[in-house]
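Heads up: the structure comes next, in structure tokens.
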Amino acid sequence: MGTFIGHVYPGLFLVFYGLYQAIVVSKAAILNDSLLYPSCPPRNKGRWARLWKISCGGLLKMVTGSILIAYEISCVTGGLKLMNRELPPRFMYPKQWQHLTMFILLTLNGCVDVMSKNLLPQRCVVLEKGTLVLTFYVLLLLLVSHVQDSTGVELHIHSLLILVVFLLMLVLTVELWAPETFHLSLIETFLFLMMGSWLIQAAFILYRPVTGYPWQDDDISDIMFITTFFCWHVMINALCLLGIYGVSSFWHRCHSPSLKPTWSKEAPRDTSTGGPLYKLLQEVEQAEKDEQVLLLSKGSP
């Protein structure tokens with residue numbers, strides 16, 4: 001992962017995953033639908049009917065994790081060895097092994113998602129969320145030790161990445177007790193986009209700077225501009241979420257009129273005097289009048 005491609009590929013995966021989650025969250029907000037059990041339009045029954053129920057997010061994690069594992073192993077000349085044969089023996093390729101651990105966790109998390117949604121008799125949301133939280137706990141530990149020998153520009157870039165991972169870990173931990181909360185899902189999606197876009201930005205800063213000259217560790221302006229770029233990523237990703245919500249709202253309200261918010265079915269409004277609520281009030285008033293007439297007739301001599 002200590003290459004340009006090694007930063008861009010995981011970043012692209014996180015961006016695409018964040019965009020997918022943004023579409024899911026936007027649809028749930030527009031249609032007042034469930035985040036965990038979204039309603040799906042009816043599909044034709046047949047041989048390929050089960051394909052519509054496959055966990056897309058879990059499958060994406062499995063495929064991406066497997067590709068990154070193969071890429072990390074292929075980048076090491078002579079094979080990825082754990083220890084050398086010298087005396088005393090020493091551990092070899094510590095950063096590569098940390099990268100490999102991250103990618104294995106990503107693949108296992110995808111396997112758990114697919115197993116929970118497609119193989120178990122009943123979906124286990126706690127298992128999915130718990131595995132994802134555990135993955136980010138381990139990822140945070142790996143990233144903290146990953147920057148021990150980093151300085152200057154590289155250290156500042158990874159510190160901001162650690163901040164995003166820490167916030168994402170907190171949000172995912174809270175979601176264990178509130179998995180259906182829209183605001184938490186929105187923050188989670190935003191942090192996934194931030195993590196992915198910042199990894200891509202880190203690849204260009206560290207390995208392919210736009211100017212063609214490497215960034216200087218002893219130049220305070222370079223360090224300050226890294227923070228400025230990070231703030232720009234915050235604004236761009238926030239606008240991206242807003243744009244996805246706007247496009248999704250236009251699509252569902254104009255191109256899919258059959259998909260309507262659930263409140264319109266559960267609580268129809270009475271806008272005319274001939275509605276059922278108006279008739280019910282008339283019946284109650286008439287019953288009260290009849291009761292008063294009956295009491296008066298009994299009280300008269």
Side-chain angles (χ1 to χ4, degrees), residues 1-15 18 64-65 68-69 71-84 86 88-106 135-172 190-237:
M1 190 175 172
T3 61
F4 177 79
I5 298 299
H7 282 75
V8 168
Y9 281 178
L12 286 175
F13 160 73
L14 290 169
V15 168
T64 305
L68 291 175
I69 289 173
Y71 174 77
E72 189 67 35
I73 295 175
S74 65
C75 286
V76 179
T77 305
L80 192 61
K81 299 177 182 179
L82 183 61
M83 301 182 72
N84 58 17
E86 299 176 0
R90 307 286 296 179
F91 287 105
M92 301 177 64
Y93 309 112
K95 288 195 173 184
Q96 284 77 7
W97 279 105
Q98 287 188 339
H99 298 158
L100 193 64
T101 304
M102 298 176 191
F103 301 149
I104 291 174
L105 286 172
L106 175 64
T135 299
F136 274 88
Y137 271 90
V138 176
L139 177 60
L140 183 63
L141 291 175
L142 292 174
L143 284 176
V144 170
S145 65
H146 201 67
V147 297
Q148 293 299 319
D149 60 345
S150 301
T151 56
V153 172
E154 184 179 1
L155 177 61
H156 197 59
I157 288 173
H158 284 87
S159 298
L160 293 173
L161 179 63
I162 289 173
L163 174 63
V164 176
V165 173
F166 176 73
L167 294 176
L168 187 54
M169 183 194 69
L170 292 180
V171 172
L172 293 172
F190 171 75
L191 291 175
F192 270 119
L193 287 174
M194 275 298 304
M195 188 177 173
S197 64
W198 188 243
L199 271 176
I200 298 174
Q201 180 71 66
F204 282 95
I205 292 176
L206 296 175
Y207 303 102
R208 293 185 184 178
V210 178
T211 60
Y213 296 92
W215 290 54
Q216 302 299 318
D217 292 338
D218 55 352
D219 190 348
I220 190 63
S221 63
D222 284 1
I223 304 296
M224 293 176 65
F225 263 100
I226 289 175
T227 307
T228 304
F229 287 164
F230 183 82
C231 295
W232 289 355
H233 278 261
V234 172
M235 294 185 292
I236 291 172
N237 286 312

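- In this structure, the separation between CD on Q201 and OG on S197 is 8.0 Å, given to the nearest 0.5 Å.
- Here the CD1 atom belonging to I162 is positioned 12.0 Å from the CG atom belonging to L167, to the nearest 0.5 angstrom.
- No close placement of the F166 and F136 rings is indicated, their centers lying 6.0 Å or farther apart.
- Contact of the F230 side chain with the I226 side chain is not registered, since no non-hydrogen atoms from C-beta on lie closer than 4.5 Å.
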For the pair T227 and H156, evaluate side chain to side chain contact (heavy atoms under 4.5 Å, CB included) and give the outcome as yes or no after the intermediate values.
CA-CA 8 Å; T227 307; H156 197 59; 2.8 Å; yes
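- The shortest heavy-atom contact between M92 and W97 is O-CD1, 3.2 Å.
- L139 places a side-chain heavy atom less than 4.5 Å from the side chain of M195.
- Between I69 and I104 there is a side-chain heavy-atom pair separated by less than 4.5 Å.
- K81 and Y93 make their closest contact through O-CD1, 3.5 Å (heavy atoms, listed as atom of the first residue, atom of the second, distance).
- Once rounded to the nearest 0.5 Å, the distance linking OH of Y137 with CG of L105 reads 14.5 Å.
- A distance of 9.0 Å separates CG in L14 from OG1 in T64, rounded to the nearest 0.5 Å.
- Separating the CZ atom in F4 from the CD1 atom in I200 is a distance of 9.0 Å, to the nearest 0.5 Å.
- Under a cut-off of 6.0 angstrom, the local environment of CE in M224 is sparse, with at most 12 non-hydrogen atoms contributed by other residues, nucleotides or ligands.
- Taking CH2 of W215 as the reference point, atom CZ of F225 lies at 8.0 Å (rounded to 0.5 Å).
- The aromatic rings of H7 and Y207 lie tilted to each other, with the angle between the two planes from 30° to 60°.
- Checking side-chain atoms of N237 against main-chain N and O of F190 turns up no donor-acceptor pair under 3.5 Å.
- Using a 4.5 Å heavy-atom cutoff, the side chains of V153 and I223 are in contact.
- Proximity of V164 to W198: side-chain heavy atoms (C-beta onward) are nowhere separated by under 4.5 Å.
- Taking both residues in full, the closest heavy atoms of I157 and A202 are given as CG2-CB, 3.5 Å, listed atom of the first, atom of the second, then distance.
- Taking the side chain as every heavy atom from C-beta outward, M194 and L160 never approach each other to under 4.5 Å.
- Screening L106, V8, L68 for a side chain to side chain contact (heavy atoms under 4.5 Å, CB included) involving F13 leaves a single residue, L106.
- The only member of K95, M102, H99 that meets side chain to side chain contact (heavy atoms under 4.5 Å, CB included) when paired with L142 is M102.
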